[in-house]
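Structure, as structure tokens:
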Amino acid sequence: MTKNQNTAAELPVVTISHIPGREISENLGIVFGSSVRSRSFLFDIFAFFKNLFGGEVRSYTRLLEQAQTEAIERLVKQAGVMDADAVVDVHFSTSQVAYKAAEIFAYGTAVRLK
């Protein structure tokens, strides 16, 4: 497998500024990935009833987990195109981009390791 075909399992993606036990030899720049997801009418009905009784709204949790996974996969793909060995300082951001639509945005720094 060539480096530009890295998957999330093969490319270290960390929220800290280094890869433990490795030295960064080159900073390749910022990489990012995003996913925009919307809620359906059924999601809102179930959430309404869940809000009446309290507790986790699992359908929304799953929706956001899927978006987060997709954002990371896109970040890793971009890092692979840059021939990176890892992505450090990864952060997540969320925003509402339209009525009933949220974006999960992941960003970090692609690096090469010694």
Side-chain angles (χ1 to χ4, degrees):
M1 177 177 281
T2 63
K3 284 194 179 183
N4 64 357
Q5 295 174 329
N6 278 330
T7 65
E10 298 165 340
L11 189 92
V13 176
V14 298
T15 58
I16 57 178
S17 62
H18 65 283
I19 302 294
R22 302 290 302 271
E23 188 176 334
I24 293 173
S25 64
E26 187 177 358
N27 177 341
L28 301 174
I30 296 171
V31 289
F32 60 89
S34 69
S35 178
V36 177
R37 299 288 175 127
S38 66
R39 305 181 312 235
S40 73
F41 178 71
L42 288 176
F43 275 137
D44 289 340
I45 290 174
F46 292 129
F48 171 78
F49 286 110
K50 192 64 164 182
N51 284 334
L52 288 177
F53 302 105
E56 179 182 10
V57 183
R58 290 190 181 109
S59 58
Y60 288 154
T61 300
R62 282 191 300 275
L63 185 72
L64 291 174
E65 287 172 347
Q66 291 168 353
Q68 187 178 37
T69 298
E70 188 170 56
I72 286 291
E73 287 171 354
R74 291 175 177 173
L75 174 142
V76 167
K77 183 176 180 181
Q78 189 178 52
V81 169
M82 297 170 77
D83 202 27
D85 296 320
V87 182
V88 297
D89 283 330
V90 173
H91 299 277
F92 292 93
S93 175
T94 63
S95 63
Q96 183 174 347
V97 295
Y99 179 66
K100 295 187 179 186
E103 175 187 38
I104 301 289
F105 187 78
Y107 59 97
T109 303
V111 297
R112 285 203 184 108
L113 303 172
K114 286 187 179 179

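The analysis underlying the following values was restricted to heavy atoms, covering all of them including side chains, and did not include hydrogens, waters or symmetry mates. Quick caveat, the model's predicted, so the values are computed rather than measured.
In the displayed structure, Phe32 atom CZ is contacted under 6.0 Å by at most 12 heavy atoms of other residues, nucleotides or ligands.
Side-chain N or O atoms of Arg112 include none that pairs as donor or acceptor with a backbone N or O of Ser25 at under 3.5 Å.
Shown here for Val88 and Ile16, the closest heavy-atom pair between the two residues is CB-O, 3.5 Å. Across Ser34 and Glu103, no two heavy atoms sit closer than the pair CB-OE2, 3.3 Å. Counting all heavy atoms, side chain and backbone alike, Met82 lies closest to Ala110 at SD-CB, 4.3 Å. Among all heavy-atom pairs drawn from Ala79 and Leu11, the shortest one is CB-CD2, 3.9 Å.
With contacts defined as side-chain heavy-atom distances shorter than 4.5 Å, the pair Asp89/Ser17 qualifies. Here the side chains of Ser35 and Arg37 are in contact, with some heavy-atom distance below 4.5 Å.
Of the residues Val31, Ile72, Leu28, Val76, the one that meets the side chain to side chain contact (heavy atoms under 4.5 Å, CB included) test with Val87 is Val31.
The pair Glu73-Lys77 does not meet the salt-bridge criterion, since no charged nitrogen lies less than 4.0 angstrom from a carboxylate oxygen.
Under the 4.5 Å side-chain heavy-atom criterion for ILVMFWY residues, a single connected hydrophobic cluster contains both Leu75 and Leu64. Hydrophobic clustering keeps Val13 apart from Ile24 (ILVMFWY residues linked when any side-chain heavy atoms are closer than 4.5 Å, directly or through intermediates).
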